[in-house]
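Here the structure comes first, spelled out in structure tokens, and everything after it is commentary.
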Amino acid sequence: MRLKNKIALITGGCGSIGLEIVNLFIQNGATTIIVDIQENNDLSLKKISGLEYLNFDVSNEREWQTLLQLLRTKYDQLDILVNNAGIFGFDECSTPQNPEHMSFDDWNKIHSVNLNSVFLGCKYGIEFMKKIGGSIINMSSRSAFIGVPSAAAYASSKAAIANYTKSVALYCAEMQYKIRCNSIHPGIIQTPIWDPLLKSEKTNLDKMKTNIPMGNLGSPSDVAYAALYLASDESKYVTGTELTVDGGLSAGRIGNPIIAK
């Protein structure tokens, strides 16, 4: 029960990694709120005690304002915020995601969902948490550390998240808000996000594994346990850090850039 009596808000909570974080937080005692633009049709989730689902667009500031008002009315407390919402861009964009051919609209779409949602989450999370403190966790990626020609906007957004996390951490420390802010950087995690690439035969999972020092892909639970540590009081002296979960991929030779998360 590492999160007993804590209130946690997780954006993008209906995705593979998001749901794993949600389930682990609930198992550890947190009252958990899922925020996602996707519809939540999972009946088993709706039966879980201590879980609430809210349908919001986290790239829209007015919806954040409405969301926090709802939280104040019902809970008057927010201890943990996981800014997990994000898109890859391959399904959502109509143009190739490379520096030469990507449209400005698609560039803005990816940054709006991936980066603007983190800005808004941090902005309103700080406002809510500053009286009692808390933990903000921003989901970045291993792609924040490398160039990815075929997913330039995605990599750019994740790199910006990593840097912005440090600014938030230092600001909160300067203001003595007792709010910690850290980023998680997943490597190649086995989720449905890879399905479009696998179907097009542009990606081979076995070849991916040969580039990973530990020899296997990560699972959503690997990322969820990292989030649990950063959400719990065990990380009370940890802020502004980058927690990489990639099987050692970033520790040595990178090889061909492989998109993360």
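This structure is a prediction, so every number in the text was calculated from the model and none was measured. The figures here come from the full heavy-atom set of this structure, side chains too, leaving out hydrogens, waters and symmetry mates.
Between Thr11 and Trp64 there is a side-chain heavy-atom pair separated by less than 4.5 Å.
Under the rule for a salt bridge (Lys or Arg N to Asp or Glu O under 4.0 Å), the partners of Asp233 that lie at least two apart in sequence or sit in another chain are Lys6.
Side-chain N or O atoms of Asn182 include none that pairs as donor or acceptor with a backbone N or O of Ile137 at under 3.5 Å.
Smallest separation of non-hydrogen atoms from Tyr75 and Thr31: CE2-CG2, 3.8 Å. What you find for His185 and Ala162 is that their closest heavy atoms are CE1-CB, 3.6 Å.
Note that NZ of Lys178 is 15.0 Å distant from CE of Met129, once rounded to the nearest 0.5 Å. A distance of 8.5 Å separates CD1 of Ile80 from CG of Leu228, quoted to the nearest 0.5 Å. To the nearest 0.5 Å, atoms CE (Met102) and OG (Ser94) are separated by 9.0 Å. Phe56 contributes atom CZ, which lies 10.0 Å from atom CG of Leu9 (distance to the nearest 0.5 angstrom). One finds the OG atom of Ser232 at 8.5 Å from the CZ atom of Phe25 (value rounded to the nearest 0.5 Å).
Glu234 and Tyr229 share no donor-acceptor pair across their side chains, judged by distance under 3.5 Å alone.
Shown here is Tyr164, whose OH atom has more than 12 heavy atoms of other residues, nucleotides or ligands within 6.0 Å.
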